[in-house]
Amino acid sequence: MKISTWNVNSVRARLPLVLNWLRESSPDVVLLQETKVVDELFPYEEIEDLGYNIAVSGQKTYNGVAILSKFPIEDVITALPTFPENTEARYIEAVICSDIPVRVVSVYVPNGMEVGSDKFAYKLEFLDRLHEHMQNLLEYDECLAVGGDYNIAPEEIDVHDPVRMEGRICFHPEERKRFRTMVNGGFIDAFRAKYPDTKQYTWWDYRTKGWENGRGMRLDHFLVSPQMADLIKDVVAEEDTRGLPKPSDHCPLSFMVL
DNA sequence: ATGGTAGTCTCACTA
C-alpha cells in the first residue's frame, strides 16, 4: 500500500500531470492540497476513471483539499473540529477501509505571508488548533497519517541556506517550535525518521528558479502515529514531477507500507 | 535584489 501527499497548486490546471502521475506512480491513497476549486467543479470523472473514490473540501480560487482512495472512504470530516470559526478549506479527514484501516488527514497549513502579519498570527493559531486535534486523534491508538503542506521547514537541513533563512517565513522559530511540539507529542516525521541525514526538498520556488538552482525547502510532511510508523517500509519525495512541463511548485511525498 | 512566476470567475490577491 502506498499513501501520497501532494500540493498540486490547482487540480484543474494540473489535471494532465496529476492523471499521468496517478497512472505511473499508482498510489492507493492521495492527499491533495491547493485544489483551488469548488466541490461542484472538481474533476471527479477523470480521476474516478482511474479507480479512485474521492472526498473533497474545496472553495473558490484558494485553498481546497481532497482525498483520493482506491479503497472505500468513510467517516469524512471536512473541517478542523478544534477550529470551528475557520472558514477556509484547509482540512479533510477520513478513514480508509483497507485491510488495516488507516485514518488519514490532508491539511494545508496557512503560508503566513510575512512574519508579524495577521496572516502569520493565523498560521500560528491554525498550527495550535491542528496540534490540539492531532493529540485527540492520537488517543485512538490507530494507524494515523496526517499528511500535507505544513509550510514549515523543521530543521536547518531542510533549507538551502539556514543562516539566510533564519527568522523568515516557513523557517521562523515560532513555526518550527510548533512542528517540534507535534513530534514531541508523539507523532513521527515519517521522512526524517527514515532518513535522519538526507537533505530532501519537497518545494522549489517558481520565482527564484529554485528547481533549476537546486534550492528548495522540505515543507510537505507525513506526521504519523507510532502504529503507522511501525508499518512504513520507505518514504520518497517524487521530485521528478517538479522537472516536468507545467509543474506544481511542490512534488509528491509518498510512503509505502507492507 | 521588496525582484522574480504561477494560478485564479484578475488588472488584485495569494503563495
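All values below come from the heavy atoms of this structure, side chains included, with hydrogens, waters and symmetry mates left out. Chain naming here is simple, since letters A, B, ... match the order of the sequence lines and numbering starts at 1 in each.
Side-chain N/O atoms of A/Y122 and A/N86 include a donor and acceptor closer than 3.5 Å. Side-chain contact, A/K2 with A/S25: a donor N or O sits under 3.5 Å from an acceptor N or O. Side-chain contact check for A/Y201 and A/D220: no donor-acceptor pair (N or O, by modelled atom type) lies under 3.5 Å. In this structure, a donor-acceptor pair under 3.5 Å is absent between the side chains of A/N151 and A/K123. Between the side chains of A/E34 and A/S10, no donor-acceptor pair is found at a separation under 3.5 Å.
Sequence order on DNA chain B of the closest nucleotides to A/D205 and A/K119 puts A/D205 first from the 5' end. For the pair A/T35 and A/E88, both in contact range of DNA chain B, the more 5′-proximal nearest nucleotide belongs to A/T35.
Among A/H131, A/E125, A/H133, the single residue meeting the side-chain hydrogen bond (donor to acceptor under 3.5 Å, both in side chains) criterion with A/R129 is A/E125.
Of all nucleotides listed (B/dA6, B/dA15, B/dC9), B/dC9 comes nearest to the side chain of A/K60. Relative to the side chain of A/R14, the nucleotides B/dA6, B/dC9, B/dC13 differ in distance, and B/dA6 lies closest. Comparing B/dG7, B/dC9, B/dA15 against the side chain of A/Y108 picks out B/dA15 as the nearest. Residue A/Y206 places its side chain closer to B/dT5 than to any other of B/dT8, B/dT5, B/dT14.
To the nearest angstrom, C1' of B/dA15 lies 14 Å from OH of A/Y122. Regarding A/F126, its CZ atom lies at a distance of 12 Å from the P atom of B/dA15, rounded to whole Å. Protein atom CZ of A/R242 is 10 Å distant from nucleotide atom C1' of B/dA6, rounded to whole Å. Counting to the nearest Å, the P atom of B/dT14 and the CG atom of A/N151 are 14 Å from each other. The nearest whole Å value for the distance from the CZ atom in A/F171 to the C1' atom in B/dA15 is 20 Å. The distance between atom NZ of A/K36 and atom C1' of B/dA6, rounded to the nearest whole Å, is 7 Å. In this structure, CG of A/L17 is placed 14 Å from C1' of B/dA6, rounded to the nearest angstrom. Summarising the geometry, the separation between CG on A/D161 and C1' on B/dA1 is reported as 15 Å, rounded to the nearest angstrom.
Using a 4.0 Å heavy-atom cutoff across all strands shown, A/T208 reaches at least one base atom of the nucleic acid. A/R90 comes within contact range of the sugar-phosphate backbone alone, with a heavy-atom separation under 4.0 Å but no base atom that close.
A gap of 16 Å separates the P atoms of B/dC13 and B/dG3, to the nearest Å. The separation of B/dA1 from B/dA12, taken at their C1' atoms, amounts to 23 Å, rounded to a whole angstrom. Between B/dT2 and B/dA15, the distance separating the two P atoms is 22 Å to the nearest Å. Taking the P atom of each, B/dC9 and B/dT14 are spaced 15 Å apart, rounded to whole Å.
Neither OP1 nor OP2 of B/dG4 sits under 4.0 Å from any side-chain N or O of A/R215. When the side-chain nitrogen and oxygen atoms of A/K246 are compared with OP1 and OP2 of B/dG7, one or more of them lie within a distance under 4.0 Å.
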